[in-house]
Amino acid sequence: MTVRRVVLGVAVLIGLIIVTATFSGCFSKPNAGEIGVVRNGGPLDNKNIRGVIDNGAGLTYTGLYSTVHYYPVDSQQRFFRMATCGGGVCQGADGLAVTVPTSDGVDVTIEGTFYLNTVFNNSKAGRNALKAFDTQFATRTFQGSHAYEGTLGWEKFLAAIVEPIVVNNLRESIAGVPCADLVASCALVQNGGARVVTKGDTQSNVARIQKTVQEGLTEDLDETLRQNYFGNVQFRLSRVVLPEQIQAAINEAQSAFAQVSQAQAKVQSARAEAQANRERQRGYNACPACQRIDLVKALPAGLQALGSDTALGIK
């Protein structure tokens, strides 16, 4: 009987330990696409990194009172979209579009999205980068959130740290480009409209600007953050918005060109009609009877002679 009581007591004690450990955060499991840093958290412990929970790991023992900071693994692409609607951030966007001056002084608004992946993975290099990142940024908050606090926390980190680097690269890239290289219709209201820019030209220039921004962003991220935490950095320029007065001038110029084209079409039609009349008259001169026949054919069908009930018989 005594032995049974001892065994029962040990079982209860073990159960209490397991329950206590579970509710004290002793076990953790990453969600899909996450990799975690484990830090000591007990009242008598330091706050040093205890270990890493690999992406795809099962329920893992982390130690009593430890905390786990989860970040996106390298296979999970993250993006940050910049777009402005009515003076504020567009619905679904993460930040305002960037307004930058072109080389000829036009303040264009650039809407676009930049994409990137972390280098955090289950390899030794990936774990070391993760630990370094957590050491550098885990104690900082971005708009009230930590970078490891889910998707929202990560987006706030990107807005605070990465977005300014993107803006700086856009300013440098756009500064050497004239407005017409971004929007072909700018040529209508600049330099007397003498410069001809095609849609293919602007597409080529946009691709070049995107590449320049991507390369500069990769370099500046490594330099600013002092370590390579990101890879596969991309930028996609989605829209260039011109100032209202420039766009209004372009619309007027396009309308004027449309009117000129319409007038030119009328002139061409009149010239063609005059030429046809001349050729017709030459035919009548050669065949007077033909002229009379055409005159009779041009009369309305069933026309009667004035003062007579007799039909002309023309059908």
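Quick caveat: nothing in here was measured; it's all calculated off a predicted structure.
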Do C179 and L242 touch side chain to side chain, with heavy atoms closer than 4.5 Å?
yes
Measure the spacing between CD1 of I49 and NE2 of H69 and express it to the nearest 0.5 Å.
9.5 Å
Tell me whether T60 contacts the main-chain N or O of G58 through its side chain, where contact means a donor paired with an acceptor under 3.5 Å.
yes
Are W154 and Y115 linked, directly or through intermediate hydrophobic residues, by side-chain heavy-atom contacts shorter than 4.5 Å (ILVMFWY only)?
no
Pairwise side-chain contact, V166 with V98, heavy-atom cut-off 4.5 Å (strictly under):
no
Could you report the tightest heavy-atom contact between S173 and T212, atom names first, then the distance?
OG-CG2, 3.4 Å
Sidechain-backbone polar pair: T102 side chain, V106 backbone, donor-acceptor under 3.5 Å
yes
I need the E111 CD to T84 OG1 distance, nearest 0.5 Å.
6.0 Å
For residues I53 and I35, determine if any side-chain heavy atom of one lies less than 4.5 Å from a side-chain heavy atom of the other.
no
Looking only at non-hydrogen atoms, find the nearest pair between A129 and V119 and report the distance.
CB-CG2, 3.8 Å
Out of the candidates D74, V73, N31, only one should pair with N55 under the side-chain contact (heavy atoms from CB on, under 4.5 Å) rule; please name it.
V73
Polar side-chain atom of E155 near backbone of L152 as donor-acceptor pair, under 3.5 Å:
no
Please name the pair of heavy atoms, one in A57 and one in P30, separated by the smallest distance, quoted to 0.1 Å.
O-CD, 3.5 Å
Backbone of P164 reached by a side-chain donor or acceptor of N168 within 3.5 Å:
no
Would you check if T118 and R78 make a side-chain contact, meaning some heavy-atom pair closer than 4.5 Å?
no
Within the 6.0 Å centroid threshold, strictly below: F157 and Y71:
no
Check whether the ring centres of F114 and F235 lie less than 6.0 Å apart, and answer yes or no.
no
Using a 4.5 Å cut-off on heavy atoms from C-beta on, say whether the side chain of N232 contacts that of L116.
no
If you look at every heavy atom in R81 and A93, which pair is closest and at what distance?
NH1-N, 3.6 Å
Give a yes or no on whether the backbone of T62 and the side-chain of R50 come within a donor-acceptor separation of less than 3.5 Å.
yes
Quick one, L225 and F137 - any side-chain contact, counting heavy atoms below 4.5 Å?
yes
Distance-only, no hydrogens or angles: does the D220 side chain make a donor-acceptor pair with backbone N or O of I165 under 3.5 Å?
no
Look up atom CG in L217 and atom CD in Q234, then write down how far apart they are to the nearest 0.5 Å.
11.0 Å
Mark yes or no for whether D134, through its side chain, and L130, through its backbone, hold a donor-acceptor pair below 3.5 Å.
no
Quick one: does T135's side chain get under 4.5 Å of R39's, heavy atoms only?
yes
Quick one: do F79 and D94 satisfy side chain to side chain contact (heavy atoms under 4.5 Å, CB included)? Show the steps, please.
CA-CA 9 Å; F79 65 89; D94 305 293; 4.3 Å; yes
Kindly indicate, with the supporting measurements, whether the criterion side chain to side chain contact (heavy atoms under 4.5 Å, CB included) is fulfilled by I110 and V240.
CA-CA 5 Å; I110 305 296; V240 179; 4.0 Å; yes
Connected via hydrophobic side-chain network under 4.5 Å: V241 and V213
no
Nearest 0.5 Å please: distance from the CZ atom of F120 over to the NZ atom of K131.
13.0 Å
Show your working on side chain to side chain contact (heavy atoms under 4.5 Å, CB included) between I209 and V177 and close with a plain yes or no.
CA-CA 9 Å; I209 290 170; V177 177; 4.0 Å; yes
Tell me the closest heavy-atom pair linking A159 and Q143, and the distance in Å.
CB-NE2, 3.9 Å
Should side-chain heavy atoms under 4.5 Å link Ile, Leu, Val, Met, Phe, Trp and Tyr, which residues sit in the same cluster as V89?
L96
Can you find a pair of side-chain heavy atoms, one from Q136 and one from Y229, that are under 4.5 Å apart?
yes
Would you find a donor on one side and an acceptor on the other, under 3.5 Å apart, between the side chain of R236 and the backbone of T113?
no
Taking the ring centre of each residue, are Y70 and Y148 less than 6.0 Å apart?
no
Distance, nearest 0.5 Å, that separates OG of S66 from OH of Y61
7.5 Å
In terms of heavy-atom contacts, L170 and M82 come closest through CD1-CE, 4.3 Å
Would you tell me whether T109 and T99 have side-chain atoms, one donor and one acceptor, within less than 3.5 Å of each other?
yes
Rounded to the nearest 0.5 angstrom, the CZ-CG distance for F230 and L221 is 6.5 Å
Give the C-alpha distance, both sets of side-chain angles, the deciding distance and a yes or no for side chain to side chain contact (heavy atoms under 4.5 Å, CB included) between V38 and V52.
CA-CA 6 Å; V38 182; V52 172; over 6 Å; no
Distance only, no hydrogens: is a donor on one side chain within 3.5 Å (strictly under) of an acceptor on the other, for Q210 and R208?
no
